[in-house]
Amino acid sequence: MNGDPFSAVADKHSEFVDLQGLNKPQYEAVTTTEGPVLVIAGAGSGKTRTLVYRVAHLVDKGVAPESILLLTFTRKASQEMLWRAGRLLNETCSRVVGGTFHGIANLLLRRYGSHLGFDSSFSIIDRADAEGIVNLLKSSLGLGKKEKRFPSKRVVVNMISGAVNKSMNLETLVQEQYGHLLDHLEDIEKLRRHYHDFKLDHGLMDYDDLLVNLRRLLEESPEVQQTIAGRFSYIMVDEYQDTNLIQADIVRLAANESKNVMVVGDDSQSIYSFRGADFYNIMRFPKDFGDTRVIKLEENYRSTQPILSLTNNIIENAAEKYTKTLFTSIEGDWLPKLFGGRDELEEASFIVQTIKKLIQQGVEPANIAVLFRSSFHSYKLEIELTADRIEYEKRGGLKLTESAHMKDMIAFFRVLTNPQDTLSWNRILLQLEKVGPATAQKISNTIAGADDVLYTLQNYRAKTTWKEAFDRLVLLYEKLLGAEQKPGMLFEIALHYYQPIFERLYSDDYPKRQKDLDQLKGIMEGYEELQSFIDDTALDPPEQVNAEESCMDRLVLSTIHSAKGLEFDAVFVMGLADGRFPHASASYGEQWEEERRLLYVAATRARKYLYLTYPRQLMTPDRQFRRTGMSPFLSEMSGGLFERINGTGAGGYGQREQISLEEALPVRKKKTKKLQMEDFSVGCKVRHPFFGTGTVKKTSKGRSLDIYFDRHGLKTLHLDYAKLTIL
DNA sequence: TGCGGGAGGTTTTTT
DNA sequence: ACCTCCCGCA
């Protein structure tokens with residue numbers, strides 16, 4: 001790995017400390033304090049580094065590695081941290097227990113769940129599964145059929161999950177955040193109850209259940225609580241601002257009397273409130289634990305001063321003022337750039353051209369990142385990059401295991417570890433020809449009530465139209481049960497059965513998908529235990545990598561959320577248009593502020609070069625173009641912090657101008673010329689924002705028109721009130 | 001029941 | 001461009 005600050009100083013603690021500017025008292029406090037420690041650290045200040053120091057120091061001083069618990073949000077982060085600690089100690093710290101909250105919860109529940117009466121053979125379901133269940137329930141409860149405004153399954157899942165994570169009841173949450181859905185409150189509550197029962201009946205646990213049940217386990221079983229607290233004498237948590245109330249409880253309950261808990265976080269990087277993260281956890285920490293040592297790290301070791309000035313400015317405009325202003329001693333006079341393209345295409349090609357130049361100047365592609373709010377914002381750019389044959393790696397958005405064919409395959413293995421997993425059975429049965437939702441449902445219901453699943457399947461009375469296919473399936477299940485349980489072997493058996501189905505199901509593009517299956521084979525062969533493979537695919541889905549290209553040094557495209565904690569020499573933040581960033585549905589108040597912090601996180605990823613770009617025109621879903629200004633977060637920024645580059649429209653960029661105040665102001669709504677009666681004639685086509693397209697049938701004396709709308713019939717409209725456009 | 005075609009409505013972010 | 005719903009037909 002390039003530029004790793006730890007490698008050069010592996011056995012020289014003290015020199016390293018001076019090098020990175022943690023002063024002596026801070027270093028002492030971070031590494032040796034017994035009792036609770038709260039580290040509040042700004043972006044780029046080396047938060048994770050402090051955890052690494054502590055781990056290394058403790059192991060150095062003879063603390064048993066297996067009594068240290070390190071909690072992070074992504075498994076990658078914990079692996080990297082342990083690797084770094086290992087470098088510092090010139091030995092591996094592999095016996096340190098590190099993982100995600102969800103991963104640890106999974107292990108503990110499988111081990112101790114019986115204390116709460118769980119069966120240890122539960123399956124973990126991801127968000128897509130949860131949406132599938134809600135969909136199933138919606139139709140069986142007859143919800144949302146007639147009522148068009150009934151929330152979509154995704155919204156419902158978010159609501160249910162939000163209520164759990166924020167420890168609120170659903171009603172309060174809906175009132176606070178989904179006010180427009182109050183009419184449906186009763187139905188949503190009904191759905192929530194059924195969803196809960198469904199999971200219990202089928203041995204399924206979603207992400208929220210893992211945490212909730214772990215908390216219950218710690219609260220309700222003193223015996224287990226003591227075992228766990230006794231096992232871990234030191235607990236450390238990274239990115240503490242991303243924890244929710246349940247996770248904070250878990251940390252508190254898992255700590256033993258000595259309360260050797262150290263948490264690290266940054267309140268201005270809190271961007272996960274939609275899944276219940278609550279940055280007040282940081283504020284509350286001293287109260288929860290008592291007598292806490294608080295350490296603030298305000299020096300930034302990542303970015304140049306001009307970039308830092310800009311990012312400080314973003315956060316200064318926040319409604320809630322934060323306590324830190326970062327400073328750096330890294331010099332630089334390169335001002336961040338702001339580019340407004342005519343449309344998405346021009347924005348994309350500006351980015352492509354600039355990336356090419358940067359690469360020519362010697363910046364490694366892997367050190368360049370393009371960040372965006374939502375994963376579809378990069379579509380245009382991806383097309384341009386492909387046209388220019390620039391390789392890239394996309395992060396965020398759909399994961400490898402979320403594609404249909406991967407889920408199909410994994411379903412075979414899920415029913416092996418949990419025969420009651422009807423969700424997976426359903427999936428498998430639907431692959432059969434002449435078996436549709438109704439039949440699949442019927443069969444999986446029978447399975448759900450059965451003691452011996454294999455026996456039930458063998459004796460199921462199949463209809464002649466699909467009997468043959470069904471028999472093949474039963475045979476497969478028999479074979480899988482009888483086979484040696486090595487995951488690699490199971491894969492071979494399942495693929496042999498699935499291949500023809502696969503080619504039929506995805507006949508138009510199966511060669512492309514085939515590569516994913518090959519990759520799955522490789523992944524499965526790396527596992528000894530089927531259960532751990534199943535758990536991992538739900539908890540930590542593998543990234544989609546193309547085998548031949550994986551070792552190459554590639555440009556990174558990523559959602560801002562997935563780029564957290566990373567840094568790059570050059571960063572592009574694209575799609576900074578009004579209505580795109582902040583997200584259109586973000587309301588003023590806390591949601592708006594979270595969007596601002598999101599921009600802050602994005603911009604602080606940059607070490608040397610920062611480009612902010614936006615299109616002045618966006619395509620709406622119905623292929624209409626809509627003019628748009630830059631994001632309000634940009635227009636409220638102080639002048640002089642960035643340099644403006646304007647697209648010429650005819651190719652050739654780089655015409656630099658000093659930023660003018662006028663351009664930085666929000667773009668005013670374009671005034672439309674007021675239409676007169678003379679502009680209309682019988683038969684002319686018009687568009688109305690609500691009624692859609694229509695034809696003028698009659699023009700009366702006053703200022704009203706009779707218009708026949710294709711979808712809404714005849715309407716009489718007054719010219720001064722109706723916002724009509726002539727087509 | 002299952003399936004194919006066509007229309008219509010939709011899209012945040014993630015462990 | 002993608003998913004879902006609805007309809008008519010086998």
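Here is how names work: the chains are called A, B, and so on, in the same order as the sequence lines, proteins then strands, and each is numbered from 1.
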- Message: Less than 3.5 Å apart, any donor N or O on the side chain of A:Asp208 or A:Ser161 sitting next to an acceptor on the other?
- Response: yes
- Would you tell me if any nitrogen or oxygen in the side chain of A:Lys153 comes within less than 4.0 Å of OP1 or OP2 on C:dT4? yes
- Item | Shortest non-hydrogen contact from A:Ser167 toward A:Ile246 | OG-CG1, 4.3 Å
- Item | No-hydrogen, no-angle side-chain donor-acceptor test under 3.5 Å, A:Ser349 and A:Glu384 | no
- Rounded interatomic separation in angstrom, taking CD from A:Gln431 and P from B:dG2: 15 Å
- Hey, do the aromatic rings of A:Phe198 and A:His194 have their centres closer than 6.0 Å? no
- Query: So what's the dot-bracket for DNA chain B: Watson-Crick or G-U pairs under 3.5 Å, [ ] if a pair crosses, | if it pairs off-strand?
  - Reply: |||||||||......
- Query: How far does the P atom of C:dT4 sit from the matching atom of B:dT13, given to the nearest Å?
  - Reply: 16 Å
- Task: Write down the distance between CG (A:Asn135) and P (C:dC5), rounded to a whole number of angstrom.
- Result: 6 Å
- Query: Does A:Arg275 make a cation-pi contact with A:Tyr272 (under 6.0 Å, within 45 degrees of the axis)?
  - Reply: yes
- Query: Between A:Lys434 and A:Trp466, which heavy-atom pair has the shortest distance, and what is it?
  - Reply: O-CD1, 3.5 Å
- Is it true that the side chains of A:Asp238 and A:Thr72 contain a donor and an acceptor less than 3.5 Å apart? no
- Query: Rounded to whole angstrom units, what separation is found between the CD atom of A:Glu131 and the P atom of C:dC2?
  - Reply: 17 Å
- Length of the CD-P vector between A:Glu433 and C:dA10, whole Å: 18 Å
- Please work out which of the three classes, parallel, tilted or perpendicular, describes the rings of A:Phe101 and A:Phe73, given edges at 30° and 60°. tilted
- Query: Using 4.0 Å as the upper bound for N to carboxylate O, is an ion pair formed by A:Arg127 and A:Glu131?
  - Reply: yes
- Taking NZ from A:Lys442 and C1' from B:dG2, how many angstroms apart are they, rounded to a whole number? 13 Å
Report all interatomic pairs (protein N or O, nucleotide N or O of nucleotides 13-15 of chain B) with separations under 3.5 Å.
{"from": "B:dT13", "atom 1": "OP1", "to": "A:Ser375", "atom 2": "N", "distance (Å)": "3.0"}
{"from": "B:dT13", "atom 1": "O4'", "to": "A:Arg373", "atom 2": "NH1", "distance (Å)": "3.4"}
{"from": "B:dT13", "atom 1": "O2", "to": "A:Arg373", "atom 2": "NH2", "distance (Å)": "3.1"}
{"from": "B:dT14", "atom 1": "OP1", "to": "A:Thr559", "atom 2": "OG1", "distance (Å)": "3.2"}
{"from": "B:dT14", "atom 1": "OP1", "to": "A:Ser562", "atom 2": "OG", "distance (Å)": "3.0"}
{"from": "B:dT15", "atom 1": "O4'", "to": "A:Arg275", "atom 2": "NH1", "distance (Å)": "3.4"}
{"from": "B:dT15", "atom 1": "O3'", "to": "A:Phe73", "atom 2": "O", "distance (Å)": "3.0"}
{"from": "B:dT15", "atom 1": "O2", "to": "A:His102", "atom 2": "NE2", "distance (Å)": "3.3"}

- Task: Please state how far atom CD1 in A:Ile383 lies from atom P in C:dA1, giving the value in whole angstrom units.
- Result: 9 Å
- Note on the structure: The answer to which of A:Thr439 and A:Gln591 contacts DNA chain B further toward the 5' end, by nearest nucleotide, is A:Thr439
